[in-house]
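To keep things clear, I will list the structure first and then write my remarks on it.
All figures in this text were calculated on a predicted structure; none of them were measured in a lab. Sequence lines set the chain letters: A, B, ... in the order given, protein chains first and strands last, and positions in each chain run from 1.
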Protein chains: 2
Amino acid sequence: MTTRTAPGPRERLLEAAKELTYRQGMGVGVDALLKAANVARRSLYEHFGGKDGLVTEVLRLTAAEDEAAYEQTMRAAGDDPRRRLLAVFDWLGEIIEEPDFRGCRYLAAELALTDPEHPGHAVTRRYRERVHDLLEAELRRLGHPRPAYAADQLLLLIDGTLAVGATRPGTHPAAAARQLAEQILGEPRRS
Amino acid sequence: MTTRTAPGPRERLLEAAKELTYRQGMGVGVDALLKAANVARRSLYEHFGGKDGLVTEVLRLTAAEDEAAYEQTMRAAGDDPRRRLLAVFDWLGEIIEEPDFRGCRYLAAELALTDPEHPGHAVTRRYRERVHDLLEAELRRLGHPRPAYAADQLLLLIDGTLAVGATRPGTHPAAAARQLAEQILGEPRRS
DNA sequence: TGGTCGATAGACCGAACGGTCTATCTACAA
DNA sequence: TTGTAGATAGACCGTTCGGTCTATCGACCA
């Protein structure tokens, strides 16, 4: 039986950091993280080597989760690549409406991590390319003439949606983006 | 004759803060700002009341500058609203290519200023609405059936362009956005 | 039973943070 | 010439920062 073991300090730290680095930004103090996770100071340095290691691991973790969320969203939309791609924007619309939505975590991280050598940058860059490739694969299945370029455009719409969702709540950027996405995908193929 | 007086401490501080808050983020230390501006510590608190007052004033200043840059870009593009709107994306393309481009200052500020009561938020919000209204006015002149909604979409493309420009250099988001913008504007009117 | 290892609490470190203060200097006006 | 206002340098304040360290605790295993 897969009994759920009580999460250890490492898991508690990751969970607390995931939450706090998003809500409070990358500037959260170590003390705040430790208190939120109920973890001894030493454990942080044992497991992650320092704050940078922790936030990098958080980025890695959430990137995997979000990547899976893209895949799950498309899987739930069925087989038609057109429907699958448009479903992404419906999903974004839901995310934006969540009360504690604060914009794209990865964009915020890249803007906040001043040091270009911070290992977090590599994680966010890889994440973006993975999403790009997911989109491109669908576009290819759709028979789009320029799948890579169209994926660039869809990614631009996604980033725009998340940015506007954070800065102009009340407008409905996901719906506006979805309409533009339809034009990228071209006329629906009438079988 | 309009002899250019040597800039006083206030101007030097604003200029240094404009530069450093963009390059290093809102987390720059007061000491770094003072050193860069060659200004006494006391002067900062005399003129701006504190760091928050300074960065808010910087946002106000750059918002006015950027607003003027939008207007100038459109003015230089002539009278046709379609050309004027598309010129914005050409201009964004130039901005993104600048070697020290680091993304949208206002989005970065909004993500970095955790405290929702920080006066900077009001400045960035106002700025966005001003740009929106500039776009909407052109769309109205163009005879667009839904100028406010189309302005939402253009603003989304702008934010997406700046985000992608910061996170995926090498791709050419401004050109990709421009093409989508053309579709928002509709078929060019053949006089 | 004793040993080991992971975790705990928390003192402690030097550095940097934002902000206040005194004292001095300089330019300009009365 | 003297007074005044604005700017200067920089000491100083308490707090917080990320990070290190010691000491203790408790669970599991030999």
Please table the atom pairs, donor to acceptor, closer than 3.5 Å between any side-chain atom in residues 35-42 of chain B and protein atoms at least two apart or in another chain.
| residue | atom | partner | partner atom | Å |
| --- | --- | --- | --- | --- |
| Arg41(B) | NH1 | Asp31(B) | OD1 | 2.5 |
| Arg42(B) | NE | Glu46(B) | OE2 | 3.3 |

Which atom pairs, one a donor and one an acceptor, fall under 3.5 Å between side chains of residues 69-76 of chain B and the rest of the protein, sequence neighbours left out?
| residue | atom | partner | partner atom | Å |
| --- | --- | --- | --- | --- |
| Gln72(B) | OE1 | Arg75(B) | NH1 | 2.6 |
| Thr73(B) | OG1 | Ala69(B) | O | 2.8 |

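By the side-chain hydrogen bond (donor to acceptor under 3.5 Å, both in side chains) test, Ser43(A) is found to be paired with no residue, residues two or more places apart in sequence or in another chain being considered. For Glu98(A), the side-chain hydrogen bond (donor to acceptor under 3.5 Å, both in side chains) criterion is met by no residue, not counting sequence neighbours. Judged as a side chain to side chain contact (heavy atoms under 4.5 Å, CB included), and not counting sequence neighbours, the contacts of Leu111(B) are Ala108(A), Leu111(A), Leu107(B). In this structure, the side chain to side chain contact (heavy atoms under 4.5 Å, CB included) partners of Lys51(A), at least two apart in sequence or on a different chain, are Val30(A), Val55(A).
Here chain A contacts DNA chain C (any atom closer than 4.0 Å to a heavy atom, that is under 4.0 Å), and the contacts span dA7(C) to dA11(C) from 5' to 3'.
Residues of residues 40-51 of chain A that place a heavy atom closer than 4.0 Å to DNA chain D, in numerical order, are Arg41(A), Arg42(A), Tyr45(A), Gly50(A), Lys51(A). Sorted by residue number, the list of members of residues 8-16 of chain A with any non-hydrogen atom under 4.0 Å from DNA chain D is empty. A heavy atom closer than 4.0 Å to some atom of DNA chain D occurs in no member of residues 23-35 of chain B.
Applying the side-chain hydrogen bond (donor to acceptor under 3.5 Å, both in side chains) rule to pairs touching residues 134-145 of chain A yields Arg84(A)-Glu138(A), Glu136(A)-Arg140(A), Glu138(A)-Arg141(A), sequence neighbours excluded. Among pairs with a residue in residues 13-27 of chain B, those fulfilling salt bridge (Lys or Arg N to Asp or Glu O under 4.0 Å) read Glu15(B)-Lys18(B), Lys18(B)-Glu65(B), Glu19(B)-Arg23(B), at least two apart in sequence or across chains.
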